[in-house]
Amino acid sequence: AKDVGRNNFQFFTADFNQWATNRLHIENGLRHALARKELVLHYQPQVDLASMRIVGCEVLLRWQPQGEALIPPDRFIPIAEDTGLIVPIGAWVLDEACRQLAEWDAQGTAPIRLAVNVAVPQLRQPDFVDYVRDTLARHGLSNARLEIEVTESVLLDQDERIRHTLEGLVELGIMLSLDDFGTGYASLSYLRNFRFDVLKIDRSFVSELHRNPDDITLIRAIISIARDMSLLTIAEGIESAEQCAILNELGCRVGQGFHFSRPVPAGVMGELITQDVIA
Ligand code: C2E
Ligand code: CA
Ligand code: CA
Ligand code: CA
């Protein structure tokens, strides 16, 4: 039994060491990612389900370290949040996405909205609201063009500065979006305490939609609450025409997912906006 225990321990430490080394490797690389211009933005269209017109896009960060494979956000965003690196990185994301939107505008395409993900450490910055306002102004964009997506984790945080920041954003006329709705613990109470404009129905409700009557019931209830509170609903993770049709029938206004398009580089997104309607 002693031997087994020791083996388990060795196995654990080897595993832990690998995890820690990997984490350190990512952390060190991330520190230089901005200066080395290794960060890239991809865009995923958000589609009006009744007309199939593109009404917005979500900005999704990618990291391409020199000589290495592309690193997906789930592997580096949590580390960027823990280390605070998400603050300068997030500032760049907003600036670059606004620059890109202004460029699309200049080409005469329809004025779509930009949805940008924002993390807790960014919302704790006392000058975050000013930074957002100045960035939009610098690129000649009106405040209503921007949607800020936050998850419930942001609202679990009791920090008063966060509430203050969210209120500041609302006052500017920026749209506040509650991401991954339905996956947290107390989603409904947040709706009472914060002034959201958009509910993003989590992908987990959408994926089994065509097979699972319970998911239809839940989505119908979410849409009904949203309608009564004058919130826009965006369904995430739509992967089939069937899911799309059911959601449209249930009264969901906007959808996003691989069925319409995967997240794509700016050039491809520009072509999609030019087409206006998703084929
Ligand atoms: P999220 O905000 O929930 O973003 C949606 C994720 O779902 C994206 O993953 C997107 O590629 C994926 N997705 C979209 N449609 C479908 C679909 O039909 N099926 C499936 N299976 N997946 C779909 P991605 O790009 O890997 O991003 C993962 C997470 O990383 C995001 O989840 C977000 O929490 C975070 N993230 C990405 N960019 C940023 C950023 O600039 N700042 C911050 N703070 N977080 C970001
Ligand atoms: Ca999001
Ligand atoms: Ca989401
Ligand atoms: Ca998520």
Side-chain angles (χ1 to χ4, degrees), residues 26 30 33-34 38-47 49 56-64 69-98 100 113-125 128 132 135 146-154 157 162 165 175-184 187 196-210 222 232-244 247 254-266 268-269 278:
I26 290 186
L30 257 188
L34 264 181
E38 294 171 344
L39 298 176
V40 188
L41 298 184
H42 282 190
Y43 301 83
Q44 188 177 35
Q46 299 182 327
V47 177
L49 295 181
C57 64
E58 179 171 5
V59 180
L60 294 159
L61 184 57
R62 303 286 179 259
W63 180 20
Q64 176 70 78
L70 195 85
I71 303 180
D74 288 338
R75 281 196 51 210
F76 70 86
I77 298 254
I79 297 171
E81 290 188 15
D82 287 353
T83 54
L85 286 167
I86 195 67
V87 172
I89 289 175
W92 176 81
V93 168
L94 186 72
D95 185 58
E96 170 60 15
C98 286
Q100 184 60 65
R113 268 196 317 272
L114 203 62
V116 176
N117 293 287
V118 165
V120 165
Q122 296 176 269
L123 298 172
R124 285 214 187 98
Q125 301 298 306
F128 183 74
V132 171
T135 303
L146 181 66
E147 215 169 281
I148 297 266
E149 295 194 5
V150 301
T151 57
E152 288 173 6
S153 66
V154 159
D157 205 296
I162 290 179
T165 298
M175 295 181 72
L176 265 195
S177 177
L178 185 51
D179 204 354
D180 304 343
F181 184 75
T183 55
S187 312
F196 283 99
D197 303 284
V198 181
L199 282 191
K200 290 194 84 172
I201 303 173
D202 190 69
R203 172 165 87 228
S204 57
F205 295 104
V206 174
S207 58
E208 300 286 301
L209 196 59
H210 47 294
I222 293 172
L232 177 68
T233 43
I234 301 183
E236 295 194 278
I238 300 179
E239 292 185 354
S240 72
E242 201 179 357
Q243 292 164 350
C244 180
L247 285 159
V254 178
Q256 186 183 336
F258 297 168
H259 172 62
F260 305 112
S261 167
R262 290 185 175 255
V264 291
V268 180
M269 186 65 207
I278 284 271

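Remember, it's 1-based here, ligands and their atoms both numbered in the order they're listed.
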What part of Q256 sits under 4.0 Å from ligand 1 if we count only heavy atoms: the side chain, the backbone, both or neither? neither

Is there a side-chain contact between Q46 and E58 in this structure, where contact means two heavy atoms from C-beta onward sitting under 4.5 Å apart? yes

Check whether any N or O atom of G257, backbone or side chain, sits under 3.5 Å from an N or O atom of ligand 1, and answer yes or no. no

For E81 and ligand 1, does the shortest N/O to N/O distance drop below 3.5 Å? no

Side chains of I89 and L61, heavy atoms from C-beta outward: is any pair under 4.5 Å? yes

If only atom types and distance count, is the side chain of E96 paired as donor or acceptor with the main-chain N or O of V93 below 3.5 Å? no

P73 heavy atoms, cut-off 4.0 Å: which ligand 1 atoms fall inside? 24 (P), 25 (O), 26 (O), 27 (O), 28 (C), 30 (O), 37 (C)

Quick look: V116 vs ligand 1, heavy-atom contacts under 4.0 Å, and the answer is neither

If I take every N, O or S atom of N117, is at least one of them less than 3.0 Å from the Ca ion (ligand 2)? yes

Does a side-chain N-to-carboxylate-O contact under 4.0 Å join E147 and K200? no

A student checking ligand 1 against D74 at a 4.0 Å heavy-atom cut-off should list atoms 28 (C), 29 (C), 30 (O)

Quick one: do W63 and L70 satisfy side-chain contact (heavy atoms from CB on, under 4.5 Å)? Show the steps, please. CA-CA 6 Å; W63 180 20; L70 195 85; over 6 Å; no

Please classify the R203 to ligand 1 contact at 4.0 Å (heavy-atom distances, strictly less than): side chain, backbone, both or neither. side chain

Give a yes or no answer on whether the side chain of E208 reaches the backbone of S204 with a donor-acceptor pair at less than 3.5 Å. no

Relative to ligand 1, is R262 under 4.0 angstrom through side chain, backbone, both or neither, heavy atoms considered? neither

Within a distance under 4.0 Å of any heavy atom of Q44, pick out the atoms of ligand 1 and give their elements. 14 (C), 15 (N)

Would one find an N, O or S atom of D180, in either backbone or side chain, under 3.0 Å from the Ca ion (ligand 3)? yes

Please confirm whether the backbone N or O of S261 pairs with a side-chain atom of Q44, one donor and one acceptor, at under 3.5 Å? yes

So for ligand 1, is Q122 a polar contact partner (N or O within less than 3.5 Å, distance only)? no

Would you mind listing which atoms of ligand 1 come within a distance below 4.0 Å of any non-hydrogen atom of E236? 3 (O), 5 (C)

May I ask you to decide if I71's main-chain N or O and Q64's side chain share a donor-acceptor pair within less than 3.5 Å? no

Hey, what's the angle at the Ca ion (ligand 2) spanning OE2 (E58) and OE1 (E149), nearest 10 degrees? 90°

What part of T151, side chain, backbone, both or neither, has a heavy atom within less than 4.0 angstrom of ligand 1? neither

Has D179 got an N, O or S atom lying less than 3.0 Å from the Ca ion (ligand 3)? yes

For ligand 1, is there an atom lying under 4.0 Å from some heavy atom of P72? no

If we ignore hydrogens and angles and just use 3.5 Å, is the side chain of T151 paired with the main-chain N or O of D179 as donor and acceptor? no

Residue pair L114 / C57, side-chain heavy-atom distance below 4.5 Å: yes

Restricting to heavy atoms, the pick from H259, Q243, H42, E239 nearest atom 19 (N) of ligand 1 would be E239

Side-chain (Q122) to main-chain (A119) donor-acceptor, under 3.5 angstrom: yes

Out of all atoms in ligand 1, which are within 4.0 Å of some heavy atom of E58? Include the element for each. 2 (O), 4 (O)

Using a 4.0 Å heavy-atom threshold (strictly under), name the region of P263 that reaches ligand 1: side chain, backbone, both or neither. side chain

Hey, is I77 touching ligand 1 through its side chain, its backbone, both or neither, going by heavy atoms under 4.0 Å? side chain

Is there side-chain contact between V154 and L123, with heavy atoms separated by less than 4.5 Å? yes

With heavy-atom distances below 4.0 Å as the criterion, list the atoms of ligand 1 near D180. 3 (O)

Donor-acceptor contact present, side-chain D197 to main-chain L176, <3.5 Å: yes

